[in-house]
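Hydrogens, waters and symmetry mates play no part in the numbers below; they use all other heavy atoms, side chains included. A, B, ... follow the sequence lines: proteins, then strands. Residue 1 opens every chain. As the structure is a prediction and not an experimental result, all values here were calculated from the model.
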Amino acid sequence: MKICTDFRLTESRHLSPAYGLLTLQSEEPLPEIHAGQFAQVRADGSKTTFLRRPISICSADPETRTIRLLIRRAGNGTAALIDTPAGHLINIMLPLGRPFDIQAPDQSTDRPLLIGGGVGVAPLLFLGHEMRQAGICPEFLIGARSASDLLLLDEFKALGDVHITTDDGSLGHRGVVTAHPRLQRPVSQIFCCGPAPMMKAVAAAAAKLGASCQVSLENMMACGIGACLCCVEKTVRGNVCVCTEGPVFNINQLTWLD
Amino acid sequence: MARLSVNIGSLHLKNPVLTASGTFGYGEEFADFVDLSRLGGFVVKGTTLHSREGNDYPRMAETPSGMLNAVGLQNKGVGYFIDNIYPRIKDCGSEIIVNVSGASPADYVAVAERLTPLQGIRAIELNISCPNVKQGGMAFGTTCAGAASVVSAVRRAWNKTLIVKLSPNVTDIVEIARAAEDEGADSVSLINTLMGMAVDVERRRPMLSTITGGLSGPAVRPVAVRMVWQVAKAVKIPVIGLGGITCGRDALEFLMAGATAVQIGTANFLDPAATMRVIDEIEEYCTRHKISDIREIIGII
């Protein structure tokens, strides 16, 4: 069941000049939402924005009917969303797409590795929560340009061990996530969301380690519900819509490693 | 409440609100937001004889008050539609119109013949105006002879309602409409997308993999209204108007300019319940203006 309704912006936190965290409350009950699913958000505050903006859901609480969206200032639409004053209404359609597939690891000592970059950490926070609820302990590897681009670190640390890389070395290991020593050690499950070049590098690293790997894509889309066929990704089954068949794909379905 | 029903050829619509091909999937994608049985009807995605993968990503670019697309008729073919999709949607309580495309007149005829036995398909819309395929599509819709060749061939094979969707990418859309009417079309729908292009100046590359694409959304509406008005004045068959309709007021523009019915397209991406809102707003308008039958205002300009 999907809904399309006005949410009241109850809190807007500017995490840095580039990132905002929006807490939104629905008037109607929330449908079941899982980590990896996304929302199509209307940016009425921007005169130049025509289409909705697809945003990963960072957390969802059915009891308070609230969701959180972590948004990167990428253009006029996302900027207008980040700068919306608290108390205003924002029209949101959700939940869209298929969530991450959570499987208990074969061995109880084996911890899934959740790898995120930039704003891509949003669904991994949600995923970490769902894993903890399922009795699974996740481990995180988070990459950013600089220490100031590392978002919601305290929340990640509350869920599991956090490994960090920064391009400038201002926190954690200097360099990209795939160069982190954690990826030199065995891991059986990887979940990844971030910029496409990063996800492709992680997918290649996962293949080398023999780990399963799920990635969350962010192809440009119009409708978000499988009608316009604009957001397609090439898969082993041909072109499929990222909005309905994804955004989460097992890399064995994609043609990245061919 | 005003009477909203209209006829397109032998097709009876409970109201003049349809959806545009390629913007409403097969209806079921919108089931959480729309009561399909309230629609006059919906036009399903462009269907070809064989399955098509469509064009490479990226296929879409946002533009001022609109968007460019270059999907390229991705679909699983008419056989898949008949076996897998039609059985799921045939009892939705609304008219289902299949948009038919092909690379040759024989292709169009073959698709029409496959659809003929389906009781629930009482109309097809011939797409002779897709700007995003290399063969067929718009090539047929930009000359009178090309349009006539497809329409006459399909007319001989299809005895139910035949709608021909016209391209605006022509010098004179009226003469193409007349050619379709002369070959026996029951209706023309217009406009398909306007050819357009957008450039990513930072990356110095076109926004679309195909370089050019089709422009839709409110940006094209005044062009569409003008073409509907010109065509409606020139032909006797009913005209279906589309192009950037987002609300009841927009739909009424087309009706007053001469359209007997309208299609809602890109607006479905902005508001999945746009069709319901358009129907509600047309009803409100009729009540407010004491109109008892929608036909009182069709073509009053």
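- Using a 4.0 Å cut-off between charged side-chain N and carboxylate O, Lys2(A) and Glu29(B) make no salt bridge.
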Result block: side-chain N/O donor-acceptor pairs under 3.5 angstrom for residues 194-206 of chain B, not counting sequence neighbours:
| from | atom 1 | to | atom 2 | distance (Å) |
| --- | --- | --- | --- | --- |
| Asp200(B) | OD1 | Glu202(B) | N | 3.1 |
| Asp200(B) | OD1 | Arg203(B) | N | 3.2 |

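- Neither the backbone nor the side chain of Pro64(B) comes within contact range of chain A; no heavy atoms are under 4.5 Å apart.
- Within a 6.0 Å sphere centred on CD of Glu28(A), other residues, nucleotides and ligands contribute more than 12 heavy atoms.
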Please assess Glu62(B) against Thr48(A) for the test side chain to side chain contact (heavy atoms under 4.5 Å, CB included), listing each intermediate value before the final yes or no. CA-CA 10 Å; Glu62(B) 188 178 43; Thr48(A) 59; over 6 Å; no

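- Residue Thr244(A): no heavy atom, backbone or side chain, is found under 4.5 Å from chain B.
- Between chain A and the residues Gly54(B), Gly22(B), Ala61(B), Gly66(B), the most heavy-atom pairs under 4.5 angstrom are made by Gly66(B).
- Between Phe269(B) and Ala222(A), the shortest heavy-atom distance links the atoms CD1-CB, 3.9 Å.
- The contact list for residues 71-102 of chain A toward chain B, using heavy atoms and a distance under 4.5 Å, reads Met93(A) by residue number.
- Of the atoms belonging to Phe24(B), it is backbone heavy atoms, and not side-chain ones, that fall under 4.5 Å from chain A.
- Of the listed residues Pro272(B), Ala273(B), Pro58(B), Ala31(B), the one with more heavy-atom pairs under 4.5 angstrom with chain A than any other is Pro272(B).
- Applying the 6.0 Å contact sphere to CZ of Arg145(A) captures no more than 12 heavy atoms from other residues, nucleotides or ligands.
- Annotation: His129(A), atom NE2; neighbour count of heavy atoms from other residues, nucleotides and ligands within 6.0 Å is above 12.
- The CG atom of Leu51(A) sits 6.0 Å away from the CG atom of Leu270(B) when rounded to the nearest 0.5 Å.
- With hydrogens and angles disregarded, no donor-acceptor distance shorter than 3.5 Å links the side chain of Arg59(B) to the backbone of Cys231(A).
- Chain B is approached within less than 4.5 Å, heavy atom to heavy atom, by no residue from residues 197-207 of chain A.
- Rounding to the nearest 0.5 Å places CG of Asn268(B) at 8.0 Å from CD1 of Ile225(A).
- Among residue pairs with one or both ends in residues 220-244 of chain A, those qualifying as salt bridge (charged side-chain N to carboxylate O under 4.0 Å, His left out) are Lys234(A)-Asp56(B), Arg237(A)-Glu245(A); sequence neighbours excluded.
- Of the possible donor and acceptor atoms, none in the side chain of Glu53(B) sits under 3.5 Å from a partner among the backbone N and O of Gly238(A).
- For Met220(A) against Met60(B), the heavy-atom pair with the smallest separation is CE-O, 3.5 Å.
- Using modelled atom types, one side-chain atom of Gln74(B) and one backbone atom of Asn239(A) make a donor-acceptor pair closer than 3.5 Å.
- To the nearest 0.5 angstrom, Asn69(B) atom CG is 8.0 Å from Cys228(A) atom SG.
- Annotation for Val232(A) and Tyr57(B): closest pair O-CD1, 3.5 Å, computed over non-hydrogen atoms.
- At a 4.5 Å heavy-atom cutoff, Ser51(B) makes no contact with chain A through either its backbone or its side chain.
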* **Worked check of side chain to side chain contact (heavy atoms under 4.5 Å, CB included) between Ile3(A) and Phe33(B)** => CA-CA 7 Å; Ile3(A) 60 169; Phe33(B) 311 107; 5.6 Å; no

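- For the residue pair Cys230(A) and Met67(B), the shortest heavy atom distance occurs at SG-CE, 4.1 Å.
- Within 6.0 Å of atom CG in Leu257(A), more than 12 heavy atoms from other residues, nucleotides or ligands are found, so the atom counts as buried in its surroundings.
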